Chemist: 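After the structure tokens below, expect a handful of questions from me.
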Amino acid sequence: MNGKMKAALKAEAAPGATVALVDIPQIGPRDVLVQVKAASICGTDMHIYDWDAWAQHRMQTPRIFGHEFAGEVVEVGSEVTQLVPGDFVAAETHITCGHCYQCRTGQAHVCRNVQILGVDRDGAFAEYIAIPESVAWKTGKEIDHSVASIQEPFGNAVHATFAGDITDMTVAVFGCGPIGLWAVGLSQISGASTIFAIEPNHKRLDIAAEMGANYIINPREVDPVRQILDITDGLGVDVVLEMSGHPVAIRQGFKALRSGGRISLLGIPANMVELDLANDIIFKGATVLGISGRRIFDTWYRTRRILESGQLDLKRVITHTLPFEQIHDAMEIMKSGDCGKIVMTFS
Ligand code: ZN
């Protein structure tokens with residue numbers, strides 16, 4: 001398709017973003033062109049917007065950023081076989097190579113040659129995005145656009161929560177941004193016996209309570225480790241879901257974990273984190289799982305079933321919906337931390 005589109009791009013290697021008219025992307029034979037209906041903002045987008053050390057090291061400019069989205073297929077390449085114009089899709093944002101050791105042995109979520117939408121190639125903060133057919137995830141047209149756009153980060157919560165047993169378990173979720181909030185909800189619908197939500201922001205704690213947390217703990221007011229040990233008769237929790245990436249919370253998570261328990265680490269620390277390996281992992285016999293992305297496509301099928309079952313209202317985590325043109329306001333709200341998920345819509 002020829003023509004111009006509105007897009008938010010990192011025009012240069014500096015903080016901020018520029019909303020500009022750019023060419024609609026051309027598609028290759030195995031690509032589809034998607035008209036974006038909704039795009040949500042991820043912590044990664046914040047790093048890119050702020051142009052922090054990670055972004056400076058990782059990204060080239062100019063680049064359209066953003067990767068969580070849903071939209072309508074408007075054009076398909078000559079070798080596309082599974083999609084037709086009019087289909088409604090979201091996307092797995094990790095474009096895997098298909099031929100490395102991991103891709104060929106069922107571990108494509110840790111592909112060695114991964115390319116990420118909105119980081120390594122142009123992304124979704126635009127009226128149109130070109131994606132390989134292989135990462136498109138067909139979504140029911142009855143699914144609300146904003147809910148469809150958040151399937152990708154919701155998949156992170158699905159992956160982390162179900163990486164081990166959860167039913168009848170005591171669970172502590174450290175960090176209640178959107179992924180942590182969904183993890184609370186997933187634990188609740190899966191029959192976790194007691195759910196602790198640990199988060200310094202009051203608005204997020206309130207949503208955690210709505211999502212089914214039995215105990216909400218503000219670590220600025222009380223010691224979460226002491227409180228969890230008190231309530232579990234000194235045992236600690238069976239499962240810790242670490243979603244914050246904050247070094248203090250990570251250490252607290254290990255202290256709150258019972259011996260023989262499982263901790264899923266998803267939050268990404270900015271720097272190295274010091275841990276008491278002997279006491280908190282080795283002698284505890286802890287199972288420590290690194291959670292990266294979504295299992296491709298196992299997690300997506302599970303996500304679809306959860307959505308279709310209607311057991312969990314994903315929308316409760318969306319606190320702000322703004323038109324795409326207000327992306328700078330959206331980024332400021334995101335930076336304040338006084339929010340759940342922020343979704344931008346396209347007219
Ligand atoms: Zn690969």
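This one's a predicted model, so the numbers in the text were calculated from it and none came from an experiment. In listed order, ligands and their atoms are each counted from 1.
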Chemist: How about Tyr301 and Trp137: are their ring centroids closer than 6.0 Å?
Modeler: yes
Chemist: Report yes or no: does Glu199 contribute a side-chain atom to a donor-acceptor pair with the main-chain N or O of Cys176 at less than 3.5 Å?
Modeler: yes
Chemist: Ignoring hydrogens and geometry, is there a side-chain-to-backbone donor-acceptor pair from Glu75 to Met1 under 3.5 Å?
Modeler: yes
Chemist: My understanding is that only residues two or more places apart in sequence, or in another chain, count here; which of them pass ring-ring contact (aromatic ring centres under 6.0 Å, His included) with His67?
Modeler: none
Chemist: For the pair Arg63 (side chain) and Gly123 (backbone), establish whether a donor and an acceptor sit closer than 3.5 Å, ignoring hydrogens and angles.
Modeler: no
Chemist: Just to be sure I understand the site: which N, O or S atoms from the protein are less than 2.8 Å away from the Zn ion (ligand 1)?
Modeler: Cys97 SG, Cys100 SG, Cys103 SG, Cys111 SG
Chemist: Measure from the side-chain N and O atoms of Asp233 to the backbone N and O of Leu235, and report whether any donor-acceptor pair falls under 3.5 Å.
Modeler: no
